[in-house]
Amino acid sequence: MQLPFTKEQFFDLLAVYNVGLWPALLALWIASVLVSVLLLSSRRPSDRWISALLAAHWAWSALAYHVGFFTRINQAAWVFAALFLLQAAVFFWAGVVHGRLSFAPWRNAWAPVAWGLVAYSLVYPAINAAQHLSVSRIPTFGVPCPTMIFTAGMLMLATPRSWRLSIVPVIWSLIGGSAAFLLGVHADYALPLAGIALTIFSTRRTSGNWGSRNASSQSRPVTQTYQSNRGAA
């Protein structure tokens, strides 16, 4: 695959992005760490707040990174920005407006994988700093790749499972994962693994689509009533 920009152009762009926006990047990283720690503790954050954070991640990558910077060296970034804005809107609509997403730290057997991905995304800047011996001319936080990895981990802690919420993250795992080998960003080698794990998790039939949890909770009393009536008869 031939990229429409050089490796030097990419890292030069990251340097400008990091220097210009580092306070916001630090704030996004701190918010992500705080939500992750609280989710593990007894003081769990609101499910709507977690969904809002995920929406903010994708909106930031769309507007601040893709539109604000990446379009300078790659016109395909406009398409990427549209996909990321769509993902942000879906998170906001499903998780914040309608409250359909619920997060728990150890809800299923995928939790160790989920927390591994969340932890990896949070140390992502340090991994790149160690590889490139720099703290500015590297992919840090608020760029698409750690956003995808963080999101994959959080979705594996969420119910109900939904393939709709996983489409764009899985697409980016393929795009970003292939570019990682061409650009030599070793930290992004985890993207394909995160994409495979999220695909398997979200397409399993154990939890269904949005609304299945409500449907199951409504059908149970009907069954119990039927059984009790049979016993009375």
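Since the model is a prediction, treat every value here as computed from it, not as a measurement.
Taking 4.5 Å as the limit, every side-chain heavy atom of Leu155 sits out of range of all side-chain heavy atoms of Ser202. Side-chain contact between Phe80 and Asn74: present, with at least one pair of heavy atoms (C-beta onward) separated by less than 4.5 Å. His186 is not listed as a side-chain neighbour of Ile127, based on a closest heavy-atom distance of 4.5 Å or more. Side-chain contact between Trp106 and Leu157 is absent, with no heavy atoms from C-beta onward closer than 4.5 Å. Using a 4.5 Å heavy-atom cutoff, the side chains of Leu86 and Trp58 are not in contact.
Note: the hydrophobic cluster containing Val135 does not contain Val16 (ILVMFWY, side chain heavy atoms under 4.5 Å, direct or indirect links). Met148 and Ile167 end up in the same hydrophobic cluster when Ile, Leu, Val, Met, Phe, Trp and Tyr side chains are linked at under 4.5 Å.
With sequence neighbours excluded, the residues forming a ring-ring contact (aromatic ring centres under 6.0 Å, His included) with Phe11 are His132, listed by chain and number. By the side-chain hydrogen bond (donor to acceptor under 3.5 Å, both in side chains) test, Asn18 is found to be paired with Thr140, residues two or more places apart in sequence or in another chain being considered. Residues passing the side-chain hydrogen bond (donor to acceptor under 3.5 Å, both in side chains) test with Tyr17, sequence neighbours excluded: Trp60. Scanning for side chain to side chain contact (heavy atoms under 4.5 Å, CB included) contacts around Ser51 gives Val96, Leu101, Phe103, with sequence neighbours left out. Under the side-chain hydrogen bond (donor to acceptor under 3.5 Å, both in side chains) criterion, Asp12 pairs with Arg137, sequence neighbours left out. With sequence neighbours left out, Trp78 forms a side-chain hydrogen bond (donor to acceptor under 3.5 Å, both in side chains) with Gln75.
Side chain of Gln9 to main chain of Pro4: no donor-acceptor pair is present (N/O by atom type, distance under 3.5 Å, no hydrogens or angles). Side chain of Thr147 to backbone of Gly142: no donor-acceptor contact under 3.5 angstrom is found.
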Can you give each donor-acceptor pair under 3.5 Å made by side-chain atoms of residues 170-177, sequence neighbours left out, with the distance rounded to 0.1 Å?
| residue | atom | partner | partner atom | Å |
| --- | --- | --- | --- | --- |
| Ser173 | OG | Val170 | O | 2.5 |

Please tabulate, for side-chain N and O atoms in residues 30-40, each donor-acceptor pair with protein atoms closer than 3.5 Å (sequence neighbours left out).
| residue | atom | partner | partner atom | Å |
| --- | --- | --- | --- | --- |
| Ser32 | OG | Leu28 | O | 2.9 |
| Ser32 | OG | His57 | NE2 | 2.8 |
| Ser36 | OG | Ser32 | O | 2.8 |

Got a list of side-chain donor-acceptor pairs under 3.5 Å for residues 63-71, not counting sequence neighbours?
| residue | atom | partner | partner atom | Å |
| --- | --- | --- | --- | --- |
| Thr71 | OG1 | Val67 | O | 2.9 |

Let me check something: any side-chain donor-acceptor pairs from residues 110-119 under 3.5 Å, sequence neighbours excluded? List them with distances.
| residue | atom | partner | partner atom | Å |
| --- | --- | --- | --- | --- |
| Trp115 | NE1 | Pro105 | O | 2.8 |

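Under a 4.5 Å side-chain heavy-atom cut-off, the cluster of Ile, Leu, Val, Met, Phe, Trp and Tyr residues that includes Phe181 is completed by Tyr189. Through ILVMFWY side-chain contacts below 4.5 Å, Ile138 is grouped with nothing and stands alone.
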